Student: 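This structure is in structure tokens; I'll ask about it shortly.
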Protein chains: 2
Amino acid sequence: MQLKELSERTATTPASIKYYLREGLLPPGETVHATRARYSQRHVKRLELIHALRHIVHLNIEQIRTIIEMADDGAPRLAVLATVQRVVLGLEPNVREGAERTYLGDAVVRLRGWPDRDSDARNALDVQISLMEGLGISMPLELLDAYSQALDTIAGLDLSLTTATDDVDDIILTAAVGMHMHSQLVLRLLALAQASHAIRRLEIAP
Amino acid sequence: MQLKELSERTATTPASIKYYLREGLLPPGETVHATRARYSQRHVKRLELIHALRHIVHLNIEQIRTIIEMADDGAPRLAVLATVQRVVLGLEPNVREGAERTYLGDAVVRLRGWPDRDSDARNALDVQISLMEGLGISMPLELLDAYSQALDTIAGLDLSLTTATDDVDDIILTAAVGMHMHSQLVLRLLALAQASHAIRRLEIAP
DNA sequence: CGCCTAAGATAGAGCTACTATCCAATGGCT
DNA sequence: AGCCATTGGATAGTAGCTCTATCTTAGGCG
């Protein structure tokens, strides 16, 4: 198909498609000759991926490029998933060079029997724990225990969805949307829990 | 103190202070006469609040204005906290008119013994659950149970910080930063849980 | 008396994500 | 054969956000 048809099929304006081409998010079509290019089903799927990442998961172009370049470079699935996670869960601003491991971080990993190794996720957790300790926000271990237990279950479930296909774009789409949705769910539950506490505590003695 | 001193004490440029004044985030100083105004300790604290909300919690000016206007209008503490929550936990895009209650939402509220009433938080949760069901992302009740149990504990802890003072700006600062930090913590734990699962599942058979 | 600072208005800057315009080349329909 | 639609490529413009800078007028303080 030509650009115009691609545009119609994906409800994306030709101008935007050209923009994504320029930005390297969408691979160029097969050049038939100087003024004609052919696009395939792959381009349709890629555009759908871009659309979901932009408007559902709310990533910016740079973040989408990071993920898509890995996929196009044929990186191993684990590496792609790690990148998706880093970007979707906003780990980036929290990953620091030479951040120290925390007691609580170690304890949680041991309690859950998670593999004890360095990773962006582990690093980001330690940084967050240190940050909160610095601000005097307390987190007893029992709480992290309860938490991580629940999250462990969700994580297993979430991931199982991504192993059903071999197409990298599909894996990314499923993983990114799944991670985003779960993280939102947790935030909504936290909000409701907090609201409930606030009502109980403040409504009686305003 | 005059504008310049306020600027120096809060490490904010006079231009930015003027901007916040224009935007109504910072109350005008006490006008001595046409070309002189006096600012107080209150302005210092307000600027610190604005700074934290902008650069730690990452709210935009509009969101900060929403919160600050409530506080300045002398709204009840519960209402202020609800607004802080709505903004900080990103409930806004998820709150819908006439969204239906979900079975799972009801079940969670009953399990936790939370007050069963309409609220933005409850609404946002129901919308999120429906959204995920629509996408075919499964969430067994046992999972929500475990989750909400952990979150319930955190929420109680978090809120207790905010009842230590009577100054509205302080309450907002503590609540906003606390909520933000806890939500980040949960996201980091989810990330680590997911990473651990991914390692176990994909590293053996890449 | 002149300098500093104030308020107030307006304009500009830098970023992001598009959106629009212009171009020459050219395939395919008529 | 000829013309219209479409292409890639280049470039420029727009819109929203958060500042940042400049300019003006005015007045107190040393």
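Being a predicted model, the structure only gives us computed values, none of them experimental. Residue numbering restarts at 1 for every chain, and letters A, B, ... go by the order of the sequence lines.
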Student: OG1 of Thr83(A) to CG of Asp120(A): how many Å apart, nearest 0.5 Å?
Tutor: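 So the OG1 of Thr83(A) and the CG of Asp120(A) are separated by 8.5 Å.
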Student: Looking at every strand, decide which applies to Lys4(A) at a 4.0 Å heavy-atom threshold: base, sugar-phosphate, or nothing.
Tutor: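 Sugar-phosphate contact only - Lys4(A) comes under 4.0 Å of backbone atoms but never of a base.
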Student: Could you check how far CG of Leu53(B) sits from P of dC17(D), rounded to whole Å?
Tutor: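 So the CG-P distance, Leu53(B) to dC17(D), works out to 17 Å.
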Student: Measure the spacing between CG of Leu49(B) and CG of Asp169(B) and express it to the nearest 0.5 Å.
Tutor: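 Going from CG on Leu49(B) over to CG on Asp169(B), the span is 5.0 Å.
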Student: Could you tell me the separation between the CD atom of Glu23(A) and the P atom of dG9(D), rounded to a whole number of Å?
Tutor: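 Rounded to the whole Å, the gap is 15 Å.
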Student: Counting just side-chain N and O atoms, does Tyr20(B) come under 4.0 Å of either OP1 or OP2 of dC19(D)?
Tutor: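 Yes, within the criterion.
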Student: Do you see a donor-acceptor pair shorter than 3.5 Å between the side chains of His180(B) and Ser183(B)?
Tutor: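 Checked: His180(B)/Ser183(B) side chains show no N/O donor-acceptor pair below 3.5 Å.
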Student: Looking at every strand, decide which applies to Arg22(B) at a 4.0 Å heavy-atom threshold: base, sugar-phosphate, or nothing.
Tutor: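 It contacts base atoms.
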Student: Give the rounded distance in Å between these two atoms: CD1 of Ile64(B) and C1' of dC19(D).
Tutor: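 Taking atom C1' of dC19(D) as the reference, CD1 of Ile64(B) is at 13 Å.
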Student: From the 5' end of DNA chain C to its 3' end, which nucleotides mark the outer limits of contact with chain A, defined by a 4.0 Å heavy-atom distance cut-off (strictly under)?
Tutor: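 Boundary nucleotides touching chain A, in 5' to 3' order, are dA17(C) to dG27(C).
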Student: For Lys18(B) and dC23(D), what is the distance between atoms NZ and P respectively, to the nearest whole Å?
Tutor: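 Between P of dC23(D) and NZ of Lys18(B): 13 Å.
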Student: Using a heavy-atom cut-off of under 4.0 Å over every strand shown, decide if Ala15(B) touches base, sugar-phosphate, or nothing.
Tutor: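 Base contact.
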Student: Give the rounded distance in Å between these two atoms: CD1 of Ile17(B) and P of dT20(D).
Tutor: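 For the pair Ile17(B) CD1 and dT20(D) P, the rounded distance is 12 Å.
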Student: Could you tell me the separation between the CZ atom of Arg65(B) and the P atom of dC17(D), rounded to a whole number of Å?
Tutor: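 Rounded to the whole Å, the gap is 10 Å.
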Student: Check every strand shown and say whether Thr31(A) touches a base, only sugar-phosphate, or nothing at a heavy-atom separation below 4.0 Å.
Tutor: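 Contact class for Thr31(A): none.
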Student: Round to a whole Å and report the spacing from OH of Tyr19(A) to P of dA12(D).
Tutor: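 Nearest whole value for this atom pair: 17 Å.
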Student: Judged by atom type as modelled, is there a donor-acceptor pair below 3.5 Å linking the side chain of Gln85(B) to the main-chain atoms of Ala191(A)?
Tutor: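 Answer holds: yes.
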Student: Measuring only between side-chain heavy atoms, which start at C-beta, is Glu100(B) closer than 4.5 Å to Asp126(B)?
Tutor: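 No, their side chains stay 4.5 Å or more apart.
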Student: Asn60(A) side chain to Glu62(A) main-chain N or O, any donor-acceptor pair under 3.5 Å?
Tutor: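 Yes.
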Student: Are any side-chain N or O atoms of Thr31(B) and backbone N or O atoms of His33(B), one a donor and one an acceptor, separated by less than 3.5 Å?
Tutor: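 No; zero donor-acceptor contacts below 3.5 Å.
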Student: To the nearest 10°, let me know how far the axis at one end of the helix from dC1(C)-dG30(D) to dT30(C)-dA1(D) is tilted from the axis at the other, five pairs an end.
Tutor: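 Comparing the first five pairs with the last five, the axes sit 30° apart.
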Student: On DNA chain D, nearest-nucleotide positions of His55(B) versus Tyr39(A): which is more 5'?
Tutor: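 The residue whose closest nucleotide sits nearer the 5' end is Tyr39(A).
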Student: Please report the interatomic distance CG(Leu91(A)) to CZ(Arg86(A)), rounded to the nearest 0.5 Å.
Tutor: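 If I round to the nearest 0.5 Å, the distance is 8.0 Å.
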Student: Round to a whole Å and report the spacing from CG of Leu21(B) to P of dC19(D).
Tutor: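 These atoms are roughly 14 Å apart.
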Student: Return yes if some donor-acceptor pair links the side-chain N/O of Gln2(B) with the main-chain N/O of Ala37(B) below 3.5 Å, else return no.
Tutor: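 A pair under 3.5 Å: no.
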Student: Name the pairs: protein N/O against N/O of nucleotides 27-30 of chain D, kept only if under 3.5 Å.
Tutor:
unit_1: dG27(D); atom_1: N2; unit_2: Arg36(B); atom_2: NH2; d: 3.4

Student: Between Asp72(B), Ile64(B), Ile67(B), which is the residue that forms a side chain to side chain contact (heavy atoms under 4.5 Å, CB included) with Leu25(B)?
Tutor: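 Option passing the side chain to side chain contact (heavy atoms under 4.5 Å, CB included) with Leu25(B): Ile64(B).
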Student: Side-chain donor or acceptor of Arg38(A) under 3.5 Å from a matching atom on the base of dT6(D)?
Tutor: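 No, the side chain and the base share no sub-3.5 Å donor-acceptor pair.
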Student: If I take atom OH from residue Tyr19(A) and atom CD1 from residue Ile50(A), how far apart are they, to the nearest 0.5 angstrom?
Tutor: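 Nearest 0.5 Å value for the OH-CD1 distance: 10.5 Å.
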Student: Counting N and O atoms only, with roles assigned by atom type, does the side chain of His197(B) sit under 3.5 Å from a partner on the main chain of Gln194(B), one being a donor and the other an acceptor?
Tutor: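 Checked: no pair found.
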